Amino acid sequence: MNADKNYEVVVIGGGSGGYSAASNLAELGISTALIEKADQLGGLCILEACMPGKAIIESANLMRRMRNSKEFGITTSDLSISMDQVQDRKNKLIGEFQAYRSKQLEQGDFDLIRGEAVFISNHEIEVRIGNDTQRIRFDYAVIATGSVPHIPELKGLDGVDFWLSHDALNSREIPEHLVIIGGGAIGCEMAHCFEGLGAKVTILQRNGCLLSDFDDDIGGVINEVSRKRGIRVLCSIKTLSVKQEGKAVMVEIERDGIREEIVGSHLLLATGRKSATENMGLEVLEIATHQLRIKVDEQSRSSCRNIFAIGDASDRQAVVHQAVLSGEIVARSIAQEMGRLNESQPKTLGVDYEFLGIFTHPQCARLGMTQRQIEEGGLLTESVRYPFRDHGKAQILGETEGFVKIVAEEGTGRILGASAVGPHVIDLIHELQVAIHAGLTVTEFAKIPHYHPTLAEIWTYPAQELSEL
């Protein structure tokens, strides 16, 4: 065993959240080690999820738009796609993103240790580096280990060739018929992606509507749009078993008491993700968890006071921007506790950081207070929707599905939340994020000039209507 090392903080995991925590800690003068066990540096978002996914989706959206170009007076006589070129473009982009993040990790003002960390107490870990083991002592630890796909217990699955999301994103073939188990964010993004690329797609969803993390009105739009495009959407179903026959995959389902067999060329499991917190000794710490996710407070502190958890390892919203913000907040909280930073009030993740975007086509987005937070706060609200079908710029673009919605506090008009489904809404909803962060009322927001004709000006219509209530 190598000589012991001592650090004030160890960060476990080198993804976006872990890098944020380590770099902010180092900037505050705190001796920090970042431990990463993956063979390739970069983290989940860059290597397997956000960035490669959006690169492939962009190709799919362009292909779909070209198929519909006749509406704009453009006829394409020979429309084809090369998945080799699609993948080569994606890999070039990801290689550049990964190289930049690797440089940040390797040249940061913290020690980068390549190995697997296991807690042996709340102040010691063992790092397994090949056949060697190194013991490290620390004052504080930040767990930022990310997540891995959740694979359900399903009869026959061990005898079937199936895809997980990263397999789909690396495919150099377009499935003849892609069957997707799961109608959440990953399932719907991949359904719209492969439909855009030219595949036949079926979605099998156990809940009554797609995208159950959103209000039913948003899931309803995605349901309708998907079906119009020829995607078969089966909700409220139970998946009973799967089996392989040659190159075909058979999925047996039950719906309304009736059994049916779905036959596809490829099977994608999009049944969610789970925190990558297993086998790292959390039981030694007696940390409170829920389904492997570490329970944390508003400063991302676990039930073990000197242990923090951020990103997918925690029970906070599993999105990259919140992991990055959590890393900064944890660093400042630790620095303040150590007397290295003089702040009267520790920073926390407020409701204005609740933000979720899904890159379907059309896109979906929501932010601000959830319905649960509104009810727990005893707030009375009013909301107004405005449809894209009545919006001039959306009509010009030929993208009229969906709506925007603003939720405001009754009486004060303070903007509490917003949601949208439609063209480019993940970009568009950021101005409502600014409004919520600044504490604007709908009357104040409605007075902000918006250029015409733009998609962004659609927000002024529900704001104006709310201000007149």
Side-chain angles (χ1 to χ4, degrees), residues 15-17 44-45 48-51 53-54 57 146-147 149-150 165 182-193 205 207 209-223 225-226 270-275 291 293 296 298 300 310-327 348-376 381 383 385 401-407 415-437 459:
S16 299
L44 175 68
C45 175
E48 294 187 12
C50 313
M51 305 309 282
K54 281 41 178 186
I57 286 170
S147 63
H150 168 68
S165 58
I186 296 173
C188 287
E189 284 190 355
M190 289 297 92
H192 284 206
C193 175
Q205 166 72 323
N207 294 320
C209 189
L210 298 178
L211 299 177
S212 56
D213 284 341
F214 287 81
D215 291 340
D216 288 347
D217 53 1
I218 286 182
V221 170
I222 297 302
N223 263 12
V225 169
S226 299
T271 47
R273 301 184 66 85
K274 62 180 181 179
S275 292
Q291 297 178 344
R293 304 187 74 188
V296 297
E298 289 188 342
S300 296
I310 61 177
D312 293 8
S314 76
D315 64 350
R316 305 289 291 193
Q317 191 183 28
V319 291
V320 171
H321 81 279
Q322 191 165 100
V324 172
L325 287 165
S326 296
T348 61
L349 279 176
V351 296
D352 52 335
Y353 295 121
E354 290 287 338
F355 194 160
L356 181 61
I358 308 297
F359 287 82
T360 45
H361 189 267
Q363 296 177 357
C364 309
R366 66 168 173 81
L367 58 81
M369 297 184 76
T370 63
Q371 188 60 40
R372 177 183 58 80
Q373 290 169 326
I374 289 170
E375 291 171 357
E376 288 178 352
T381 65
S383 64
R385 295 187 349 177
E401 301 281 359
F403 60 86
V404 297
K405 179 169 68 176
I406 297 177
V407 179
I415 301 174
L416 301 179
S419 60
V421 53
H424 305 290
V425 295
I426 299 175
D427 289 321
L428 294 178
I429 206 168
H430 277 84
E431 68 172 291
L432 270 295
Q433 178 84 321
V434 173
I436 293 172
H437 191 77
W459 289 111

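Only a predicted model underlies this, so the values are computations on that prediction, with no experimental measurement involved. We number each residue from 1, following the sequence as shown.
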Please report the shortest heavy-atom distance between [X] and [Y], naming the atom on each side.
{"X": "A418", "Y": "L432", "answer": "CB-CG, 3.9 Å"}
{"X": "A313", "Y": "S275", "answer": "CA-OG, 3.7 Å"}
{"X": "D312", "Y": "A318", "answer": "OD1-CB, 3.2 Å"}
{"X": "I186", "Y": "S165", "answer": "CG2-CB, 3.9 Å"}
{"X": "I57", "Y": "C193", "answer": "CG1-CB, 4.0 Å"}
{"X": "V225", "Y": "P362", "answer": "CG1-CD, 3.8 Å"}

Test log, rule side-chain contact (heavy atoms from CB on, under 4.5 Å), inputs N223 and Q205: CA-CA 11 Å; N223 263 12; Q205 166 72 323; over 6 Å; no

Do [X] side-chain atoms and [Y] backbone N/O form a donor-acceptor pair below 3.5 Å?
{"X": "R293", "Y": "R316", "result": "yes"}
{"X": "R385", "Y": "F403", "result": "no"}
{"X": "D315", "Y": "V296", "result": "yes"}
{"X": "Q322", "Y": "S326", "result": "no"}
{"X": "W459", "Y": "I406", "result": "no"}
{"X": "E189", "Y": "I358", "result": "no"}
{"X": "T271", "Y": "H150", "result": "yes"}

Point-to-point distance, once rounded to the nearest 0.5 Å, from [atom1] of [X] to [atom2] of [Y]:
{"X": "R366", "Y": "D213", "atom1": "CZ", "atom2": "CG", "answer": "6.0 Å"}
{"X": "L416", "Y": "I374", "atom1": "CG", "atom2": "CD1", "answer": "5.5 Å"}
{"X": "K274", "Y": "Q291", "atom1": "NZ", "atom2": "CD", "answer": "11.0 Å"}
{"X": "L210", "Y": "S226", "atom1": "CG", "atom2": "OG", "answer": "6.0 Å"}
{"X": "K405", "Y": "I218", "atom1": "NZ", "atom2": "CD1", "answer": "6.5 Å"}
{"X": "F355", "Y": "L325", "atom1": "CZ", "atom2": "CG", "answer": "12.0 Å"}

With side chains defined as the heavy atoms from C-beta onward, is the minimum distance between L44 and S147 less than 4.5 Å?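 Touching, per the 4.5 Å side-chain cut-off.
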
Atom CG of D427: over 12 foreign heavy atoms under 6.0 Å: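 Enclosed: over 12 neighbouring heavy atoms sit under 6.0 Å from CG of D427.
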
Between H192 and F359, is the gap from one ring center to the other below 6.0 Å?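 No; F359 has its ring centre 6.0 Å or more from that of H192.
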
